[in-house]
Amino acid sequence: MADINKRLFMNFPGEFFVDSTCINCDACRQIAPDVFAEAEDYAYVKAQPANTVGERQALQALLACPTGSIGTEHPNTAAEVISDFPLPLTNGVFYCGFNSRDSYGANSYFITHPEGNWLVDSPRFNRHLLRYFSGIGGIQYIFLTHQDDVADANKYAEHFGARRIIHVEDQAAVPDAEILIEPEDTREFGKDFRIVPTPGHTRGHCVLIHNQQELLSGDHLWWDPYKKRLTASRRVCWYSWEEQIASLAKLTEFEFSWVLPGHGQRIHLPLTEMHAQLKQLVARLSA
Ligand SMILES: [Fe+2]
């Protein structure tokens, strides 16, 4: 619950505000980019919602915020907006919302599939998502991109009998995971899911490519909305920057048109443009 007494001074005056408990995870800017922006180490309200669509997005951001740092001056209708989640993105792929503080507010995703649904990283364990997942066939696999973004994966796994997948080098975060990815073990699950080890951010970081269209990229790469290009960051590389660049180069062998990251902006481009963007990123980082 946001505290109006901790309201950040840079908020644009009006109904919505961000307070000083914000951890700048970026979730609100992904959901309501016309309302929230970044200043130093915080998100803040750059403009109050201009219409009902903007207001609904701001309420979705309020619900997704992992630290409860978004508030309103008066009682709001956020309870009516819960049913918007998970938010559909494309092709049976959804953004879960309810980002968890335990994963520093990382985004998690849900993918529906006739042979079993997938959860990619974990949202907060909550009643609404449990009901939604139950109603759509449960969860068969929980793919964890890396050790940072486990959050409540174990609770979801227990509830749905889901099999957790993580790379062996990041296994300490889920010691009893059912499926381990070995180093260099690019692994296919049916014809629609491929897991690719991408060491760098952590030693056991992996990405998931769905249907040769969506790259669930964890903290490996994301879109820079200011420079309008794919990017990765040495500042948040915990294991090896050299290996991360090599992992990015490896990804140029695969096709995808979406990048859906844990943190940072989601992006959809034509296949050829995405490929060119990735090659340019690797060239830039290797120079
Ligand atoms: Fe991470």
Side-chain angles (χ1 to χ4, degrees), residues 22-31 38 41-43 64-67 69 95-110 118-125 141-157 164-175 177 180-181 183 195-210 214-225 230-251 256 258-267 278 281 285:
C22 170
I23 59 172
N24 198 23
C25 74
D26 194 51
C28 63
R29 296 188 290 272
Q30 293 303 301
I31 298 168
E38 182 178 16
D41 293 331
Y42 298 104
C65 176
T67 46
S69 305
Y95 157 62
C96 293
F98 304 98
N99 296 31
S100 171
R101 186 181 201 133
D102 293 342
S103 59
Y104 205 79
N107 299 312
S108 62
Y109 302 91
F110 180 69
W118 287 57
L119 185 64
V120 179
D121 293 328
S122 174
R124 272 173 272 153
F125 193 69
Y141 294 110
I142 300 176
F143 167 63
L144 299 162
T145 55
H146 66 299
Q147 61 191 13
D148 299 341
D149 293 353
V150 172
D152 287 333
N154 294 337
K155 293 180 183 172
Y156 282 107
R164 296 158 295 173
I165 308 171
I166 195 164
H167 192 280
V168 67
E169 296 286 6
D170 277 17
Q171 188 194 356
V174 192
L180 295 176
I181 305 297
I195 291 172
V196 183
T198 48
H201 174 74
T202 62
R203 191 185 283 261
H205 193 288
C206 292
V207 297
L208 174 70
I209 300 172
H210 170 243
E214 295 87 30
L215 175 77
L216 290 297
S217 63
D219 289 346
H220 190 48
L221 80 159
W222 56 94
W223 183 253
D224 180 337
L230 287 177
T231 192
S233 171
R234 188 172 200 158
R235 192 173 56 84
V236 292
C237 176
W238 315 135
Y239 167 55
S240 164
W241 186 235
E242 289 69 32
E243 286 208 34
Q244 188 160 345
I245 295 170
S247 296
L248 287 163
K250 185 165 72 173
L251 276 187
F256 49 87
W258 284 81
V259 171
L260 303 175
H263 297 281
Q265 185 151 332
R266 306 186 262 276
I267 186 69
L278 186 55
L281 172 62
L285 299 181

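Both counts, for ligands and for their atoms, begin at 1 and track the order of listing. The model shown is predicted, which means the values in this text are computed figures rather than measured ones.
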Give me the ring orientation class for Y156 and F125: parallel if the planes are under 30° apart, tilted from 30 to 60°, perpendicular past 60°. perpendicular
Looking only at N, O or S atoms in D148, which is nearest to the Fe ion (ligand 1)? OD2
Can you check the angle at the Fe ion (ligand 1) formed by OD2 of D219 and NE2 of H201? Round it to the nearest 10°. 100°
Could you point out which residue of T202, D219, T198, D170 forms a side chain to side chain donor-acceptor pair (under 3.5 Å) with H146? D219
Side-chain (R101) to main-chain (A151) donor-acceptor, under 3.5 angstrom: no
Less than 3.5 Å apart, any donor N or O on the side chain of D148 or W238 sitting next to an acceptor on the other? yes
Quick check: does H205 put an N/O/S atom under 2.8 Å from the Fe ion (ligand 1)? no
